[in-house]
Amino acid sequence: MEWKRTSIIVTMGNDMYPDNGIKRFTFNNIVADPTKEQIKQFVSGLLLLSDGDSYLGSEIVKHNIQSAE
């Protein structure tokens, strides 16, 4: 299999969000294998830009290509 792209889904909490105060944000084309430190730094930036959000977790999704051969 060949790596195509990696995505991260960041789950944030804020009383302003509908659906029980939870919202998920998807970011595509991040580095192939993000480290915990890289994710922590990325989320820290998002929190600085937010309006009182709290970080609830993240999901890393790796997309691979597999040829038919």
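Just so you know, residue 1 is the first one in the sequence shown, and it goes up from there.
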Criterion side-chain contact (heavy atoms from CB on, under 4.5 Å) on Ile65 and Trp3, from CA distance to verdict:
CA-CA 6 Å; Ile65 300 171; Trp3 175 76; over 6 Å; no
Can you tell me how far CZ of Phe42 sits from OG1 of Thr35, rounded to the nearest 0.5 angstrom?
13.0 Å
Show every donor-acceptor pair shorter than 3.5 Å between a side-chain atom in residues 15-29 and any protein atom, with sequence neighbours excluded, or say none if there are none.
{"unit_1": "Tyr17", "atom_1": "OH", "unit_2": "Asp53", "atom_2": "OD1", "d": "3.2"}
{"unit_1": "Tyr17", "atom_1": "OH", "unit_2": "Asp53", "atom_2": "OD2", "d": "2.6"}
{"unit_1": "Asn28", "atom_1": "OD1", "unit_2": "Ser7", "atom_2": "OG", "d": "2.8"}

Heavy-atom side-chain contact between [X] and [Y] under 4.5 Å:
X: Thr6; Y: Ile60; value: yes
X: Ser58; Y: Thr11; value: no
X: Leu46; Y: Met12; value: yes
X: Val10; Y: Ile8; value: yes

Is it true that, when you exclude Lys62 itself, more than 12 heavy atoms of the residues, nucleotides or ligands shown sit nearer than 6.0 Å to its NZ?
yes
Residues at least two apart in sequence or cross-chain that pass side chain to side chain donor-acceptor pair (under 3.5 Å) with Glu59, listed by chain then number, are none
I'd like to know whether Val61 forms a side-chain contact (heavy atoms from CB on, under 4.5 Å) with Ile9, so could you lay out the CA-CA distance, the side-chain angles of the two residues, the decisive distance to 0.1 Å, and finally the verdict.
CA-CA 8 Å; Val61 182; Ile9 303 167; 4.2 Å; yes
Which heavy atom in Pro34 sits nearest to a heavy atom in Ile39, and how many Å separate them?
CB-CG1, 4.1 Å
Is there a donor-acceptor pair under 3.5 Å between the side chain of Gln41 and the backbone N or O of Gln38?
no
